[in-house]
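Take a look at the structure set out below.
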Amino acid sequence: MTYLPLLCQHCANAPCIKACPEDAIKRRDDGLVWIDPEECTGCGLCEEACPYDVIYMNGELGIAQKCTGCAHRVDEGALPRCAEVCPHDAIVFGDEADSVFSEDEHGATLEVYHPEYQAEPRVYWKGLPKPWIAGTVVDPVSDEVISDVAITSVDLFEDGSVTALSDEFGDFWIRRMEKGRKYRLEIRKEGYEDFLAIVTTDGDQDLGNVCLKRTR
Ligand code: SF4
Ligand code: SF4
């Protein structure tokens with residue numbers, strides 16, 4: 001299970017803004033997107049339009065609401081509350097041109113969440129969840145797990161492969177695969193026949209017990 005704190009992505013091409021018939025959703029010069037409570041009629045169209053599902057209806061006030069990026073605090077020179085109170089400094093707020101928003105400490109490019117929505121989100125992520133392939137390698141004859149088995153995933157779209165070894169419980173876990181790809185999984189151990197399979201990472205893939213046949 002993976003947890004992801006999801007807030008308004010303050011999209012540069014925000015479908016919520018286009019969906020609102022009252023022009024109640026606005027983008028400030030600094031890029032923060034906010035809903036004007038004076039103009040919102042509570043029709044709910046923006047809630048349906050937001051691909052990130054981060055707008056909710058305030059039934060009591062009869063209006064739509066969402067993260068404002070704490071625009072009121074930013075105007076006073078303060079950080080958004082979440083960035084201020086996070087004990088792990090997991091949230092950084094600032095000028096998009098700052099290098100901290102372009103790459104991580106290892107030089108890897110930061111990502112946006114669901115770029116395929118084409119909303120041009122302006123929240124940048126480090127370590128977004130990626131699909132994984134996992135399983136347990138088993139010898140059905142001895143009814144024992146097999147450790148130190150080489151499990152290789154070969155990307156069928158690009159050059160490259162990743163190899164992991166099964167641990168003392170026979171478990172293997174290949175992490176951070178690309179979503180929506182096909183991989184050839186090769187499971188090899190001396191004394192056993194090769195196990196080959198095509199795995200599609202349209203989600204996490206738990207292969208369960210993978211039984212290897214002995215060669216003799
Ligand atoms: S995340 Fe949703 S609510 Fe926020 S700007 Fe984008 S479309 Fe609008
Ligand atoms: S709920 Fe308010 S902000 Fe959302 S589309 Fe309707 S009028 Fe616009």
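Just follow the structure's listing: the first ligand is 1, and inside any ligand the first atom is 1.
For Lys182 and Thr200, the side-chain atoms include at least one donor-acceptor pair closer than 3.5 Å.
Taking a 6.0 Å sphere around CD of Glu190, one finds it holds 12 or fewer heavy atoms contributed by other residues, nucleotides or ligands.
The closest protein non-hydrogen atom to atom 7 (S) of ligand 2 is Thr41 N, 3.4 Å. Gln9 N, 3.2 Å is the protein heavy atom nearest to atom 1 (S) of ligand 1. Atom 4 (Fe) of ligand 1 has as its closest protein heavy atom Cys8 SG, 2.3 Å. Protein heavy atom nearest atom 6 (Fe) of ligand 2, with residue, atom name and distance: Cys43 SG, 2.3 Å.
A salt bridge links Lys130 to Glu111: one of the charged nitrogens lies within less than 4.0 Å of a carboxylate oxygen. Salt bridge present: Asp75 and Arg28 bring a charged side-chain N and a carboxylate O closer than 4.0 Å. The existence of a salt bridge linking Arg81 and Glu84 is confirmed by a sub-4.0 Å separation between a basic side-chain nitrogen and an acidic carboxylate oxygen.
Atom 2 (Fe) of ligand 2 does not have Cys20 among its coordinating residues (no N/O/S atom, backbone or side chain, under 2.8 Å).
The shortest separation from a heavy atom of Ala119 to ligand 1 is not under 4.0 Å, leaving the residue out of contact.
When heavy-atom distances to ligand 1 are checked against a 4.0 Å cut-off, Ile25 has no atom that comes that close, whether in backbone or side chain.
Residue contact check: Glu22 has heavy atoms under 4.0 Å from atoms 7 (S) of ligand 2. Near Ile35, meaning under 4.0 Å from one of its heavy atoms, ligand 2 places the atoms 3 (S).
Inter-residue side-chain proximity for Phe101 and Val92 is flagged as met; some heavy-atom pair is nearer than 4.5 Å.
Nearest to atom 5 (S) of ligand 2 by heavy-atom distance, out of Cys40, Gly44, Cys16, Cys46, is Cys46.
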